[in-house]
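Just so it is clear, the model here is predicted, and its values are computed rather than measured.
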Amino acid sequence: MDLNIITLVFFVLAVVVFIQLRNVLGRRTGNEHTPFDPYAKPAQTNQENDEAAVTFPQRGHPSIDDFSDIDSLAPSDSALNSALRAIRKADFTFSPVRFRDGAKTAYEMILTAFAKGNREVLKNLLVKNIYEEFAQAIDEREANGHSIRFSLVSINDAEIIEAIMQKNEAYITMRLSSEIISATYDKENKLLDGNPQSIVTIRDRWTFVRDTHTRDPNWRLVTTEEDE
């Protein structure tokens with residue numbers, strides 16, 4: 001009987017100790033840190049923190065008074081330099097380097113879209129009267145059942161050679177030299193013009209225009225001519 005009482009006392013003490021340990025170790029206080037997960041998405045801050053965040057200036061736009069990129073492209077005393085500076089003053093986001101890269105992309109898109117007869121792409125890249133000329137040529141080609149297989153191999157030269165600012169409209173002329181493969185076929189799939197196995201070099205002068213008073217950042221092709 002005495003043994004049973006002693007055993008019961010130790011059992012009760014063990015239960016009390018277990019409960020106390022659980023109270024200390026088994027509860028979360030709200031201050032614990034969750035394990036670090038390097039692949040987890042960053043936690044979103046609340047609105048108050050977002051409003052207090054510092055917004056950095058947009059990169060890539062030169063200062064309206066910084067013409068170093070223009071001076072590196074054209075002599076400071078040249079007409080081209082003066083015209084590019086006038087465009088910069090009308091549109092502080094203008095960069096001749098970015099324009100040149102964009103013109104090269106537009107050049108490829110326009111040539112490819114014309115070959116494929118993609119009027120929607122052309123409509124966004126050409127001024128109205130030039131688009132109508134391109135569209136008419138596509139209409140005549142399709143009416144005759146002709147098709148063009150075209151590939152732009154490379155653009156070897158893309159140089160800004162002229163610029164002018166007329167009121168709020170900026171005009172820039174590019175000299176473009178490229179290597180292409182082009183072949184025209186009739187509706188019977190017979191070769192009419194070009195050579196599908198031959199790379200041809202073409203040289204053009206393309207002039208682009210943009211209204212600097214609009215929010216539309218796109219330049220559009222306004223004239224094309226062969227470069228002699």
Side-chain angles (χ1 to χ4, degrees), residues 53-116 118-131 133-134 150-181 201-228:
V54 176
T55 302
F56 289 88
Q58 293 185 354
R59 297 180 180 178
H61 296 326
S63 167
I64 193 171
D65 296 322
D66 178 13
F67 303 109
S68 58
D69 56 338
I70 294 175
D71 293 342
S72 65
L73 185 146
S76 58
D77 58 348
S78 65
L80 177 58
N81 187 291
S82 298
L84 293 176
R85 286 184 178 221
I87 295 174
R88 168 72 56 76
K89 291 177 181 178
D91 175 12
F92 77 96
T93 67
F94 170 71
S95 163
V97 175
R98 286 199 300 271
F99 171 85
R100 182 187 60 197
D101 294 341
K104 290 168 63 176
T105 300
Y107 179 75
E108 180 176 3
M109 291 176 64
I110 290 170
L111 291 179
T112 303
F114 177 73
K116 293 182 177 180
N118 191 331
R119 295 171 180 81
E120 287 301 315
V121 171
L122 294 174
K123 186 178 293 185
N124 292 327
L125 296 173
L126 312 177
V127 298
K128 183 178 180 181
N129 63 317
I130 298 299
Y131 167 75
E133 293 179 7
F134 275 58
F150 172 86
S151 176
L152 178 64
V153 178
S154 65
I155 298 177
N156 300 327
D157 185 32
E159 179 187 4
I160 297 175
I161 58 173
E162 294 178 4
I164 189 172
M165 191 73 198
Q166 290 184 347
K167 295 183 179 180
N168 57 300
E169 290 187 326
Y171 294 83
I172 298 180
T173 299
M174 297 283 300
R175 176 184 287 125
L176 296 149
S177 174
S178 63
E179 293 182 338
I180 67 168
I181 299 174
T201 299
I202 59 173
R203 296 178 177 86
D204 295 308
R205 290 189 180 198
W206 284 21
T207 300
F208 296 86
V209 63
R210 178 177 176 267
D211 186 345
T212 59
H213 284 188
T214 67
R215 293 184 178 180
D216 185 357
N218 295 322
W219 293 74
R220 287 177 169 79
L221 181 65
V222 66
T223 60
T224 65
E225 59 181 332
E226 292 183 5
D227 185 42
E228 298 179 356

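- Nearest heavy atom pair, residue Y107 against residue I202, reads OH-CD1, 3.5 Å.
- Proximity of T112 to V121: side-chain heavy atoms (C-beta onward) are nowhere separated by under 4.5 Å.
- Residues F67 and K89 form a side-chain contact, since some pair of their non-hydrogen atoms from C-beta on lies under 4.5 Å apart.
- Taking CZ of F99 as the reference point, atom CG of D91 lies at 12.0 Å (rounded to 0.5 Å).
- No side-chain heavy atom of D211 sits less than 4.5 Å from a side-chain heavy atom of D216.
- Residues I110 and W206 meet the side-chain proximity criterion, which asks for heavy atoms closer than 4.5 Å.
- Here the CD1-CD1 distance, from I155 to I180, works out to 11.5 Å after rounding to the nearest 0.5 Å.
- Residues F114 and L126 are not in side-chain contact: their nearest non-hydrogen atoms beyond the backbone lie 4.5 Å or more apart.
- Sorted by first and then second residue, the salt bridge (Lys or Arg N to Asp or Glu O under 4.0 Å) pairs involving residues 166-179 (not counting sequence neighbours) are E159-R175, R175-D227.
- The two residues A170 and T212 make their nearest non-hydrogen contact at CB-CG2, 4.2 Å.
- Heavy-atom minimum distance, L221 versus T207: CD1-O, 3.4 Å.
- Scanning all heavy atoms of the two residues, the minimum distance from A83 to I164 falls at CB-N, 4.0 Å.
- Residues forming a salt bridge (charged side-chain N to carboxylate O under 4.0 Å, His left out) with D77 (at least two apart in sequence, or on another chain): none.
- The structure places CG of D204 at 9.0 Å from CD of E225, a figure rounded to the nearest 0.5 Å.
- For the salt bridge (charged side-chain N to carboxylate O under 4.0 Å, His left out) test, residues two or more places apart in sequence or in another chain that qualify with R119 are D139, E142.
- Formation of a donor-acceptor pair under 3.5 Å by the R100 side chain with backbone atoms of M174 is not found in this model.
- Of all heavy-atom pairs spanning A158 and K104, the tightest one is CB-CG, 3.4 Å.
- Of all the heavy atoms in R88 and F94, the pair that sits closest is NE-O, 2.8 Å.
- Atom CG of L152 is separated from atom OG of S154 by 7.0 Å, given to the nearest 0.5 angstrom.
- A 4.5 Å side-chain heavy-atom check between D69 and P96 finds at least one atom pair inside the cut-off.
- Contact annotation: the side chain of N218 approaches that of R220 to within less than 4.5 Å [non-hydrogen atoms, C-beta and beyond].
- Separation of atoms CG (D71) and OG (S78) is listed at 8.5 Å; rounding is to 0.5 Å.
- Taken from CD1 in I172 to CE in M165, the straight-line distance is 10.0 Å, to the nearest 0.5 Å.
- When side chains are defined from C-beta on, I160 counts as touching L80, because their heavy atoms get closer than 4.5 Å.
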